[in-house]
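Take a look at the structure set out below.
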Amino acid sequence: MYLQGKICYRLAMNIILFEQLEQTNHLPADDSRSRHIRKILHLGIGDCFSCGIVNGPAGTATISCMDDGIDFTFEPEDEHSSVLYPVMLLVSQVRPICMKRILREAVSLGVSTIMINGADLSEKSYAKASFYLDGTYKSVLLDGAMQAAKTGVSKVVFADSLDVAVHQLPSCGNLIMLDNVIGAAPLSQWKNKEDHQPVVLAIGPERGYSERERQLLLQKGFQPKTLGSRVLRTETACSAGIAVLLGRLGYL
């Protein structure tokens with residue numbers, strides 16, 4: 001199988017991902033994954049590396065030839081590598097450079113879905129950034145999965161506003177909003193009352209939710225929670241919030 005297409009991810013891969021794999025495969029010499037195998041991993045004929053299919057099995061690749069690109073065989077071993085946690089991150093638009101960090105870390109932590117919504121206090125131009133339009137964000141998602149040494153990649157959904165987003169949410173009782181304006185109990189004390197149901201964690205933009213949006217979430221049934229009295233950057237709140245929530249769910 002001939003694997004084409006350049007993917008612009010950073011060279012810090014704990015697993016190398018492909019859209020599809022056969023028993024035998026060829027990776028072109030100019031592919032960034034090929035360069036990573038040669039220059040970073042320093043592998044040669046007969047050596048092995050971890051690889052997998054996006055949202056599919058993970059396994060071991062064995063290099064058979066390096067004359068023109070890299071030829072390798074693939075042996076699937078872990079059919080459960082793509083499993084993600086039943087958590088949706090509902091995050092408002094922030095600067096693309098910040099969203100890049102949010103997406104990478106959210107995938108690394110294993111959330112199943114990321115819904116990115118416009119917000120009253122977000123810059124409207126963020127949604128039209130080349131980061132989204134040219135598909136760069138997809139490479140960041142792969143980067144997060146490879147960092148976690150897993151094949152599961154979170155699904156990303158876009159909504160023009162928080163109003164649109166809340167109407168697209170799954171019908172479940174586990175709805176949480178992080179907000180340090182409303183008097184709320186710490187997220188670390190949250191108790192899951194809806195077993196086997198997905199959890200939605202809502203986090204606002206850099207300037208926070210507007211009062212209108214807070215009321216919208218409360219009316220929808222979101223429980224306000226906090227990560228403490230400190231004002232956190234959105235990307236920090238996302239990583240910390242997801243980690244604390246996964247801990248309360250018993251996954252960490």
Side-chain angles (χ1 to χ4, degrees), residues 55 84-96 98-103 105-107 109-129 131-133 135 137-138 140-141 144 152-185 187 190-227 232 234-235 237-242 244-246 248-249:
N55 292 320
L84 297 167
Y85 300 125
V87 171
M88 171 188 282
L89 174 64
L90 175 60
V91 60
S92 298
Q93 282 283 6
V94 293
R95 287 170 293 172
C98 297
M99 187 58 73
K100 177 179 179 180
R101 302 185 191 114
I102 291 171
L103 294 179
E105 298 306 314
V107 176
L109 286 165
V111 304
S112 62
T113 306
I114 304 167
M115 182 179 287
I116 304 173
N117 65 272
D120 290 350
L121 301 180
S122 281
E123 172 59 50
K124 307 307 179 185
S125 63
Y126 290 162
K128 298 180 180 179
F131 177 67
Y132 303 110
L133 299 181
Y137 77 95
K138 296 179 182 178
V140 175
L141 299 174
V153 177
S154 310
K155 177 182 179 181
V156 175
V157 182
F158 297 92
D160 291 337
S161 67
L162 186 62
D163 307 66
V164 173
V166 297
H167 286 95
Q168 295 180 358
L169 295 178
S171 55
C172 69
N174 291 318
L175 302 173
I176 300 171
M177 60 179 289
L178 286 183
D179 193 278
N180 58 3
V181 173
I182 301 175
L187 179 61
W190 175 77
K191 294 183 179 180
N192 183 13
K193 298 180 180 179
E194 297 284 345
D195 291 336
H196 310 297
Q197 292 291 325
V199 182
V200 178
L201 180 66
I203 299 177
E206 294 162 320
R207 295 169 60 193
Y209 287 123
S210 67
E211 186 57 34
R212 184 194 72 82
E213 289 172 323
R214 291 190 184 93
Q215 294 305 313
L216 173 66
L217 291 172
L218 291 173
Q219 291 170 11
K220 179 66 177 179
F222 277 80
Q223 304 174 53
K225 299 296 177 183
T226 181
L227 290 174
L232 304 177
T234 301
E235 59 262 43
C238 286
S239 295
I242 294 169
V244 171
L245 179 58
L246 292 176
R248 298 302 298 169
L249 290 169

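These figures come from a predicted structure and were not determined experimentally. FYI, side chains are in, hydrogens and waters are out, and symmetry mates aren't considered; it's all heavy atoms of this structure.
Distance CD/Glu206 to OH/Tyr126: 5.0 Å, rounded to 0.5 Å. Rounded to the nearest 0.5 angstrom, Met177 CE and Leu175 CG are separated by 11.0 Å. In this structure, CD1 in Ile116 is found 12.5 Å from CG in Asp160, a value given to the nearest 0.5 Å. With rounding to the nearest 0.5 Å, the separation of CG in Leu162 from CZ in Arg212 is 7.0 Å. For the atom pair Tyr85 OH and Leu246 CG, the distance stands at 6.5 Å (nearest 0.5 Å). Summarising the geometry, atom CD belonging to Glu213 is positioned 6.5 Å from atom CG belonging to Leu121; distances are rounded to the nearest 0.5 Å.
A donor-acceptor contact under 3.5 angstrom links the side chains of Gln215 and Glu211, judged on distance only. A side-chain donor-acceptor contact under 3.5 Å links Ser92 and Asn117.
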Residues Val91, Met115; criterion side-chain contact (heavy atoms from CB on, under 4.5 Å); working and verdict: CA-CA 6 Å; Val91 60; Met115 182 179 287; over 6 Å; no
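The number of heavy-atom neighbours closer than 6.0 Å to NZ of Lys100, taken from other residues, nucleotides and ligands shown, is 12 or below. With a 6.0 Å radius and a threshold of 12 heavy atoms from other residues, nucleotides or ligands, Asn192 has its CG atom above the threshold.
Contact record, Tyr132 with Ala127: CD1-O, 3.8 Å, taken as the closest heavy-atom pair. Nearest approach of Ser154 to Leu141, heavy atoms of both residues: O-CD1, 4.1 Å. Contact between Pro224 and Leu218 at its shortest, heavy atoms only, is CD-CD2, 3.9 Å. The nearest pair of heavy atoms linking Pro198 to Asn174 is O-CB, 3.3 Å. Nearest heavy atom pair, residue Val87 against residue Val111, reads O-CB, 3.5 Å. Considering every non-hydrogen atom in both Val107 and Gly152, the closest pair reads CG1-O, 4.0 Å.
Residues Leu178 and Leu227 have side chains in contact (heavy-atom distance under 4.5 Å, counting atoms from C-beta outward). Thr113 has its side chain within reach of Val157: a pair of non-hydrogen atoms, C-beta onward, lies under 4.5 Å apart. Inter-residue side-chain proximity for Lys128 and Ser125 is flagged as unmet; no heavy-atom pair is nearer than 4.5 Å. With a 4.5 Å cut-off on side-chain heavy atoms, Asp179 and Leu217 do not count as touching. Within the 4.5 Å cutoff, the side chain of Leu89 has heavy atoms near those of the Cys238 side chain.
Under a 4.0 Å N-O distance rule, the pair Lys220/Asp163 does not qualify as a salt bridge.
A donor-acceptor pair under 3.5 Å links the side-chain atoms of Lys124 to the main chain of Ala119, judged by distance alone. Not one N or O on the side chain of Arg101 forms a donor-acceptor pair closer than 3.5 Å with the backbone of Glu235. One N or O on the side chain of Tyr209 and one on the backbone of Ile203 form a donor-acceptor pair closer than 3.5 Å. The backbone N or O of Pro205 lies less than 3.5 Å from no partner atom in the side chain of Gln93, so there is not a single donor-acceptor pair. Here the side chain of Gln219 pairs no donor or acceptor atom with the backbone of Leu216 at under 3.5 angstrom. Judged by distance alone, with hydrogens and angles left aside, the side-chain atoms of Ser112 form no donor-acceptor pair with the main-chain N or O of Leu84 at under 3.5 Å.
Of the listed residues (Asn180, Leu187, Leu201, Leu245), just one forms a side-chain contact (heavy atoms from CB on, under 4.5 Å) with Lys225, and that residue is Leu187.
Using bins of under 30°, 30° to 60° and over 60° for the plane-to-plane angle, the ring pair Phe158/Tyr137 lands in the perpendicular bin.
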